[in-house]
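Here's the structure, in structure tokens; my notes come after.
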Amino acid sequence: MTDRTQYATPEKARRAIRDGEWTGPTSGLVPGAAQANLVMLPREWAYDFLLFAQRNPKPCPVLDVTEMGDPEPRGVAPGADIRTDLPRYRVWRKGELAEEREEVASLWDDSMVGFLLGCSFTFEWAMLQAHIPVRHIELGRNVPMYRTTVPCREAGRLSGTMVVSMRPIPEQLVTKTVIITSHYPSVHGAPVQIGHPEGIGITDLDAPDFGDPVPVREGEVPVFWACGVTPQSILMSSRPPFAITHAPGHMFICSVRDSEYAIC
């Protein structure tokens, strides 16, 4: 796999992804650039999803919505194409994962609407600058993500439970981490749970539902954030006929800087 440090701009990273030069998870790619989760749905399901995101802003903070039939996310990355500019996509049919692929242009039609949702990868650069370790970046892995028992608020035909991402944080840095990430409400913001995974229905940290396991070392606390993979849990529960999402950890690199989503 190509060294991620050469991708100095979002445009260069998206070009490398489009050309198949970068096919892995995007955490740490283009430090300082915001990243986004992706959901694509046909028009007849798009309103339900927009309402779902509005009712569940913690796991589904909307950064941009494309015009129907237009794959260009003009608000966060003018000139980009959400059909080709993510490293890996998931195709869902009736709530079942049908396939994963590196482009979905051939599956797109004029009825499709794309939703770009805030991603916690966006605030990881702020964590690193504050000398807070990010374990999955250290190990070159995908972030661990878990389905929980926390219900989302229903919207139309969509219902289900929240997904969270986890990062082990040294106990003495937990408060600092909460303060830093709370400055990014548009990309999930402050954690939803700290130190007690069983309280949200997680029984085994070594067995994430998505992504890769990472060790929680002595003196560290598992910290959980709402995750933009939540829509994939919702698709499994609600079973729309057709949908496309990013593959967990394989995000869209926005042209917008992460600092633009921070509040002081």
Side-chain angles (χ1 to χ4, degrees), residues 17-18 23 35-77 80-119 142 145-165 201 208-211 226-252:
I17 289 168
R18 192 181 311 132
T23 58
Q35 298 200 24
N37 303 275
L38 174 69
V39 179
M40 302 181 192
L41 286 162
R43 173 186 55 198
E44 58 267 24
W45 283 79
Y47 176 76
D48 281 6
F49 185 77
L50 186 62
L51 184 61
F52 180 86
Q54 188 271 332
R55 289 179 176 174
N56 298 277
K58 193 72 171 176
C60 299
V62 177
L63 303 184
D64 200 3
V65 182
T66 68
E67 296 287 344
M68 186 177 64
D70 183 355
E72 181 182 357
R74 301 175 190 273
V76 297
D81 189 327
I82 58 172
R83 304 172 301 178
T84 59
D85 292 357
L86 286 78
R88 184 165 294 275
Y89 298 83
R90 285 185 155 189
V91 180
W92 302 85
R93 299 185 187 277
K94 296 182 179 179
E96 301 289 336
L97 178 59
E99 61 175 315
E100 291 194 350
R101 52 196 295 169
E102 294 181 1
E103 60 79 30
V104 291
S106 60
L107 300 178
W108 178 270
D109 64 39
D110 290 342
S111 75
M112 299 294 286
V113 178
F115 297 86
L116 289 164
L117 310 174
C119 173
N142 201 351
M145 293 159 275
Y146 307 83
R147 298 181 76 178
T148 73
T149 54
V150 179
C152 293
R153 186 180 171 193
E154 295 183 8
R157 294 163 286 182
L158 299 177
S159 63
T161 58
M162 184 186 297
V163 173
V164 295
S165 61
D209 296 288
F210 312 94
C227 180
V229 173
T230 296
Q232 300 187 30
S233 173
I234 302 308
L235 293 176
M236 294 177 198
S237 301
S238 305
R239 303 178 65 82
F242 178 69
I244 299 171
T245 68
H246 69 290
H250 298 68
M251 318 306 294
F252 180 80

Using 0.5 Å steps for rounding, measure from the OG atom of Ser159 to the CG atom of Asp48.
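If we round to the nearest 0.5 Å, Ser159:OG and Asp48:CG are 10.5 Å apart.
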
Could you measure the distance from the CG atom of Leu235 to the CD atom of Glu96? Nearest 0.5 Å is fine.
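If we round to the nearest 0.5 Å, Leu235:CG and Glu96:CD are 11.0 Å apart.
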
Residue list, salt bridge (charged side-chain N to carboxylate O under 4.0 Å, His left out) with Glu102, at least two apart or on another chain:
Arg88

Arg101: partners by salt bridge (charged side-chain N to carboxylate O under 4.0 Å, His left out), with sequence neighbours left out
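Scan of Arg101 (salt bridge (charged side-chain N to carboxylate O under 4.0 Å, His left out), adjacent residues dropped) gives Glu99, Glu103.
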
Are there over 12 heavy-atom neighbours, none belonging to Arg43, within less than 6.0 Å of that residue's CZ?
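Atom CZ in Arg43 is not packed in, count stays at 12 or less.
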
With a 6.0 Å cut-off (strictly less than), is the heavy-atom count around CG of Asp110, excluding the residue itself, greater than 12?
no

Under 3.5 Å, is there a donor-acceptor pair between the side chain of Thr230 and the main chain of Met162?
no

For Trp108 and Pro71, which heavy atoms make the closest approach, and how far apart are they?
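Minimum heavy-atom contact is CZ2-N, 3.7 Å.
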
Would you mind reporting whether Arg157 and Trp45 have side-chain heavy atoms less than 4.5 Å apart?
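In contact.
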
Do Leu107 and Ile244 make a side-chain contact, defined as non-hydrogen atoms from C-beta onward lying under 4.5 Å apart?
yes

Check the pair Leu117 / Val62 against side-chain contact (heavy atoms from CB on, under 4.5 Å), numbers first and verdict last.
CA-CA 5 Å; Leu117 310 174; Val62 177; 3.9 Å; yes

Listing request: all side chain to side chain donor-acceptor pair (under 3.5 Å) pairs with a residue in residues 60-72, at least two apart in sequence or in separate chains.
Asp70-Arg74, Glu72-Arg74

